[in-house]
Amino acid sequence: MLKKYVLFDFDGVIANTEESNARYLEKALRVYGVALTAEERKSLLGTNDASRLQRILDAKNIGISMEEFILTRRQMGNTYENGDICPMEGLIPMIMWLREKGIQTGIASSTSARLIITALNRMRITPLFDVIVCGDMCMRSKPHPEIYQKTMKHLEALPGECIVIEDSAPGIHAAKAAGAYVIAYCGSKIEQDICEADFSVDTYEECWKKLREMLDASLDQKYVGKTGKC
């Protein structure tokens, strides 16, 4: 099927926020004398599922509610509004090339709309995306496919027309479950399980090369479909 859309996760894909986000979270946890293990830290990547954090807090027996912790967490600031944030190297030229080719682009992020829009505006790249769908616009978090299904619906896209760029196991699973072709982007240098992805890249230079190959193949397919011959 012709590829007409490229959809992006945000954290670890558009901007390298994962480590900064973890530092803000751990700063809030230290208020209660809590330190995350490496495994607990890893389990929180790629999703905004509050139940995962709730289970960690419950296991620590610190006697606070999620509501209380969220208030403390907000007081610490965040990467999107307060931290240093910039697009991943090589991302912007690739997106501009996609749009010149008539490919529509979207963001499907588990993070809240307020934070994502703030970050995009700070980086001055909001106009590069046709659709932005965030975690607080959905009932279910990644790895459920709802966020990608909703993004595709807004774009009036078929799943087979979409390429998704993700970095985490929950995000990759969500995109695959929604029927998209998935490229795992490993440029954030955080080791994650990407086994469900169709292809993986370490840089946007590699990603751009792969997208050129795929889009050229789509154009060839379109030509053959119209004429019945090469």
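What you are looking at is a predicted structure, and each value in this text was computed from that prediction instead of being measured.
- Relative orientation of the Y185 and Y204 rings is parallel, given thresholds of 30° and 60° on the angle between their planes.
- Counting only distance, with no hydrogens or angles, the side chain of K4 and the backbone of G102 share no donor-acceptor pair below 3.5 Å.
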Practice task
Given side-chain contact (heavy atoms from CB on, under 4.5 Å), test M214 with I163 step by step and report yes or no.
Solution key: CA-CA 9 Å; M214 294 185 71; I163 300 169; 3.9 Å; yes
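- Here the CZ atom belonging to F10 is positioned 9.5 Å from the CG atom belonging to L115, to the nearest 0.5 angstrom.
- Cluster membership for L71 and L29, using ILVMFWY side-chain heavy atoms within less than 4.5 angstrom, is not shared.
- Taken from CD1 in I183 to CD1 in I165, the straight-line distance is 5.0 Å, to the nearest 0.5 Å.
- Between the side chain of K3 and the backbone N or O of G160, at least one donor-acceptor pair lies under 3.5 Å.
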Practice task
Using the side-chain contact (heavy atoms from CB on, under 4.5 Å) rule, take N82 and Y24 through it: C-alpha gap first, then chi angles, then the decisive distance, then the call.
Solution key: CA-CA 10 Å; N82 314 112; Y24 277 108; 3.9 Å; yes
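- Between the side chain of T72 and the backbone N or O of E68 there is at least one donor-acceptor pair closer than 3.5 Å.
- Nearest heavy atom pair, residue S200 against residue I194, reads CB-CD1, 3.7 Å.
- If you chain together hydrophobic residues whose side chains sit under 4.5 Å apart, I172 and I147 fall into the same group.
- The CD1 atom of I95 lies 6.0 Å from the OG1 atom of T105; values are rounded to the nearest 0.5 Å.
- In terms of heavy-atom proximity, A197 sits nearest to A184 at CB-CB, 3.6 Å.
- Looking at every heavy atom in both residues, K142 comes nearest to S109 through NZ-CA, 4.2 Å.
- A salt bridge between K176 and E196 is absent, with no side-chain N of the basic residue lying under 4.0 Å from a carboxylate O of the acidic one.
- Residue I92 is grouped with residue I117 when hydrophobic side chains (ILVMFWY) are merged at heavy-atom distances under 4.5 angstrom, including chains of intermediate members.
- Side-chain contact between C186 and D167: absent, with no pair of heavy atoms (C-beta onward) separated by less than 4.5 Å.
- The SG atom of C138 lies 9.5 Å from the CD atom of Q149; values are rounded to the nearest 0.5 Å.
- Although no hydrogens or angles enter the test, the distance criterion places no donor-acceptor pair under 3.5 Å between the side chain of D193 and the main chain of A169.
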Handout entry: Step-by-step side chain to side chain donor-acceptor pair (under 3.5 Å) determination, S168 to D9
Key = CA-CA 9 Å; S168 69; D9 180 31; 5.1 Å; no
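- By the 4.5 Å heavy-atom criterion applied to side chains, D84 and C86 are not counted as neighbours.
- Side-chain contact check for I14 versus M88: every heavy-atom pair is 4.5 Å or farther apart.
- Distance CE/M123 to CD1/I85: 4.5 Å, rounded to 0.5 Å.
- Distance alone, capped at 3.5 Å, places no donor-acceptor pair between the T151 side chain and the G106 backbone.
- Sparse packing is recorded around CD of E89, with 12 or fewer heavy atoms of other residues, nucleotides or ligands lying under 6.0 Å away.
- Taking the side chain as every heavy atom from C-beta outward, R73 and N78 approach each other to under 4.5 Å.
- Residues that satisfy the salt bridge (Lys or Arg N to Asp or Glu O under 4.0 Å) test with R30, not counting sequence neighbours, are absent from this structure.
- Checking side-chain atoms of D198 against main-chain N and O of V182 turns up a donor-acceptor pair under 3.5 Å.
- Nearest approach of T17 to G12, heavy atoms of both residues: OG1-N, 3.9 Å.
- A donor-acceptor pair is defined here as one N or O able to donate and one able to accept, closer than 3.5 Å; such a pair exists between the side chain of E146 and the backbone of R140.
- Other residues sharing the hydrophobic cluster of M139, ordered by chain and number and joined by side-chain separations under 4.5 Å: none, the residue standing alone.
- Under the 4.5 Å side-chain heavy-atom criterion for ILVMFWY residues, a single connected hydrophobic cluster contains both V133 and V164.
- From E205, atom CD reaches atom NZ of K209 across 9.0 Å, with rounding to the nearest 0.5 Å.
- Annotation for R74: atom CZ does not count as buried by contact number, only 12 or fewer foreign heavy atoms lying within 6.0 Å.
- Looking only at side-chain heavy atoms (C-beta outward), F69 and V34 stay at 4.5 Å or farther from each other.
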Exercise for the section: In sequence, state the C-alpha distance, the side-chain angles, and the governing distance for K210 and E206, and then conclude on side-chain contact (heavy atoms from CB on, under 4.5 Å). Expected result: CA-CA 6 Å; K210 180 62 176 177; E206 293 176 34; over 6 Å; no
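- Between R122 and E81 there is no salt bridge, since no side-chain nitrogen of the basic residue lies less than 4.0 Å from a carboxylate oxygen of the acidic one.
- At a threshold of 4.5 Å between non-hydrogen side-chain atoms, the residues Y181 and V6 do not count as touching.
- By the 4.5 Å heavy-atom criterion applied to side chains, L2 and E161 are not counted as neighbours.
- Contact between A174 and P145 at its shortest, heavy atoms only, is O-CB, 3.4 Å.
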Practice task
Would you please test L120 and F129 for side-chain contact (heavy atoms from CB on, under 4.5 Å) and show each step?
Solution key: CA-CA 10 Å; L120 291 171; F129 302 97; 4.1 Å; yes
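- Between T126 and N121, the side chains place a donor N or O and an acceptor N or O closer than 3.5 Å (distance only, hydrogens not considered).
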Handout entry: Working for side chain to side chain donor-acceptor pair (under 3.5 Å), residues E166 and Y148
Key = CA-CA 11 Å; E166 267 282 1; Y148 281 109; 2.6 Å; yes
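- Within the 4.5 Å cutoff, side-chain heavy atoms of W97 are placed close to those of L215.
- Ion pairing of D202 with K189 is absent here, as no side-chain N (NZ or NE/NH1/NH2) approaches a carboxylate O to less than 4.0 Å.
- The hydrophobic clustering, which links ILVMFWY residues whose side-chain heavy atoms are closer than 4.5 Å, places L98 and L155 apart.
- Between R114 and D136 there is no salt bridge, since none of the side-chain N atoms of the basic residue sits less than 4.0 Å from a carboxylate O of the acidic one.
- Taking each heavy atom of M152 and C162 in turn, the nearest pair found is CG-SG, 3.8 Å.
- Crowding of M96 atom CE: a count of heavy atoms from other residues, nucleotides or ligands under 6.0 Å not exceeding 12.
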